[in-house]
Amino acid sequence: MTFAYQNAATHTFAPELWDAELLTQFDPLLVWASRLVSNNKYEGDIRMQGDVVHINSLLRPTVGDYKLPDGMTAQRPETVDQKLPITEAKYLQVLVEDAERIQLAGTLDSPINQQMIRALAREADSFMGNIIANGATALPNVKAAAGNIPQSLYSTILDMMLALDDNDIPAGRYVVVSPKVKRHLAEHPAVANAAAYGEGGVTANGVVAKLAGFTILSTTAMPKGVDIVAGHSEFATYASQFSGFRQGQSEKYRADYIDTLHLYGGKIVRYPELDTKKAGNTFDESKPTKGIVKAVVEWGAVA
């Protein structure tokens, strides 16, 4: 019999097993921070909160007319620097009586640790959702009139498609909707019959369907005051790194602790063709990006 105040020493705890398992369970829970919505091209080597990842954007060269005898004029490549700060540091710590035994039992599959992983994912996803929504271009509000809600919502998504088309946003776009929007949008034939119009099926990362050039996702981690967001993953970047699991003996209890630290940050990525360049080779980040658009639904008396 083992009492609560007892702790068996452990010498063979393998944190690498937990690292791999955590990522396997963590990534599918993400929507805003998933690769469908945010790229992770600039993660680099994140070591601590406060690190800064630098993103260099190459300005588009000017195309000239070739004439004789003028010939050609060479241009020097010019870049604009963007800084991605690692602002967030969240931790997960589990107190166990025997880390070695818990590992053999598949600890990350336990209900309490599942909830901890969900909590970490929710924090990161909500953070990235706010970054994206705050940097998106606002479109006119959607007025949800009883009897025509599915068509109104679907028409809004098509308007978002047009807004992105007008700015030459490439293929591979997404739309993230709130659960309430998803509930009514699912009544529209183009979504309900996605097998005919696009691609149906609910999968990881909150995917609902694929059609009209969009992957449609839904999440409960919608930023406040936003119902629909559409864009491309090239316009938002998310840098994330788990510091790796540690194991040791608790100073407070006769037990082992196992913990990990999650470091991350995010930002809207700017492009010379779409954003205003400022003096000092930086972008004006006070203006919304044209690569992401958002809309608010005025539900009125609609349930």
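- By the ring-ring contact (aromatic ring centres under 6.0 Å, His included) test, F235 is found to be paired with Y271, residues two or more places apart in sequence or in another chain being considered.
- Between T219 atom OG1 and K182 atom NZ the span is 9.5 Å, to the nearest 0.5 Å.
- Residues that satisfy the side-chain contact (heavy atoms from CB on, under 4.5 Å) test with T220, not counting sequence neighbours, are R122, P179.
- Annotation: side chain of V181 is in contact with side chain of W299 (closest heavy-atom distance under 4.5 Å).
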*Give the intermediate values and the outcome of side chain to side chain contact (heavy atoms under 4.5 Å, CB included) for residues L274 and I169.*
CA-CA 10 Å; L274 298 173; I169 308 304; 4.0 Å; yes

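- Applying the side chain to side chain donor-acceptor pair (under 3.5 Å) rule to N130 yields no partners; only residues at least two apart in sequence or on another chain are considered.
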*Can you check side chain to side chain contact (heavy atoms under 4.5 Å, CB included) on M160 and L139, steps first, answer last?*
CA-CA 8 Å; M160 289 178 160; L139 298 186; 3.6 Å; yes

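- Residues A236 and I292 share a closest heavy-atom pair of CB-CD1, 4.4 Å.
- The closest side-chain heavy-atom distance from K267 to E285 is below 4.5 Å.
- With sequence neighbours excluded, no residue forms a salt bridge (Lys or Arg N to Asp or Glu O under 4.0 Å) with K287.
- Pairing each heavy atom of M222 with each of D227, the nearest pair is CE-O, 3.4 Å.
- In this structure a side-chain-to-backbone donor-acceptor pair under 3.5 Å is missing from W32 to I131.
- Separating the OG1 atom in T276 from the CZ atom in R270 is a distance of 9.0 Å, to the nearest 0.5 Å.
- Of the possible polar contacts, one joining the S218 side chain to the V177 backbone as a donor-acceptor pair under 3.5 Å is found.
- For the residue pair Y174 and H232, the shortest heavy atom distance occurs at CE2-N, 3.4 Å.
- Residues satisfying the side-chain contact (heavy atoms from CB on, under 4.5 Å) criterion with Q151, sequence neighbours excluded, are N148, Y154, S155, H188.
- The shortest distance between side-chain heavy atoms of V176 and V37 falls below 4.5 Å.
- Here the side chains of T237 and N40 are not in contact, with every heavy-atom distance at 4.5 Å or above.
- A distance of 8.0 Å separates OG of S240 from CG of L30, quoted to the nearest 0.5 Å.
- Residues S38 and I132 meet the side-chain proximity criterion, which asks for heavy atoms closer than 4.5 Å.
- When the side chain to side chain donor-acceptor pair (under 3.5 Å) test is applied to T289, no partner is found at least two apart in sequence or on another chain.
- When side chains are defined from C-beta on, L217 counts as touching L36, because their heavy atoms get closer than 4.5 Å.
- Legend: residues meeting side-chain contact (heavy atoms from CB on, under 4.5 Å) with K224, ordered by chain and number and at least two apart, are absent.
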*Step-by-step side chain to side chain contact (heavy atoms under 4.5 Å, CB included) determination, I157 to L185*: CA-CA 10 Å; I157 291 177; L185 191 61; 3.6 Å; yes

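- We find the CE-OG distance between M128 and S34 to be 10.0 Å, quoted to the nearest 0.5 Å.
- Note: H262 and Y238 have perpendicular aromatic rings, judged against thresholds of 30 and 60 degrees for the angle between ring planes.
- Annotation: ring-ring contact (aromatic ring centres under 6.0 Å, His included) contacts of F127 (sequence neighbours excluded): Y264.
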_For R173 and D165: C-alpha separation, side-chain torsions, deciding distance, then whether salt bridge (charged side-chain N to carboxylate O under 4.0 Å, His left out) applies._
CA-CA 11 Å; R173 304 168 182 174; D165 284 347; 2.7 Å; yes

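- Formation of a donor-acceptor pair under 3.5 Å by the D125 side chain with backbone atoms of V31 is found in this model.
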*asked:* For R118 and L29: C-alpha separation, side-chain torsions, deciding distance, then whether side chain to side chain contact (heavy atoms under 4.5 Å, CB included) applies.
replied: CA-CA 7 Å; R118 289 190 182 99; L29 299 174; 4.0 Å; yes

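- Nearest approach of M161 to A212, heavy atoms of both residues: SD-O, 3.7 Å.
- In plain terms, the two heavy atoms of Y91 and L120 that are nearest each other are O-CD2, 4.0 Å.
- In terms of the side-chain contact (heavy atoms from CB on, under 4.5 Å) criterion, S233 has no residue partners (sequence neighbours excluded).
- Applying the salt bridge (Lys or Arg N to Asp or Glu O under 4.0 Å) criterion to K294, with sequence neighbours excluded, gives no partner residue.
- When every heavy atom of D284 is checked against every heavy atom of S286, the shortest pair comes out as OD1-OG, 2.5 Å.
- The stretch residues 232-245 participates, sequence neighbours left out, in these salt bridge (Lys or Arg N to Asp or Glu O under 4.0 Å) pairs: K41-E234.
- Linking ILVMFWY side-chain heavy atoms closer than 4.5 Å, directly or via other members, places V296 and L158 in two distinct hydrophobic clusters.
- The list of salt bridge (Lys or Arg N to Asp or Glu O under 4.0 Å) pairs with a residue in residues 132-143, not counting sequence neighbours, reads K143-E298.
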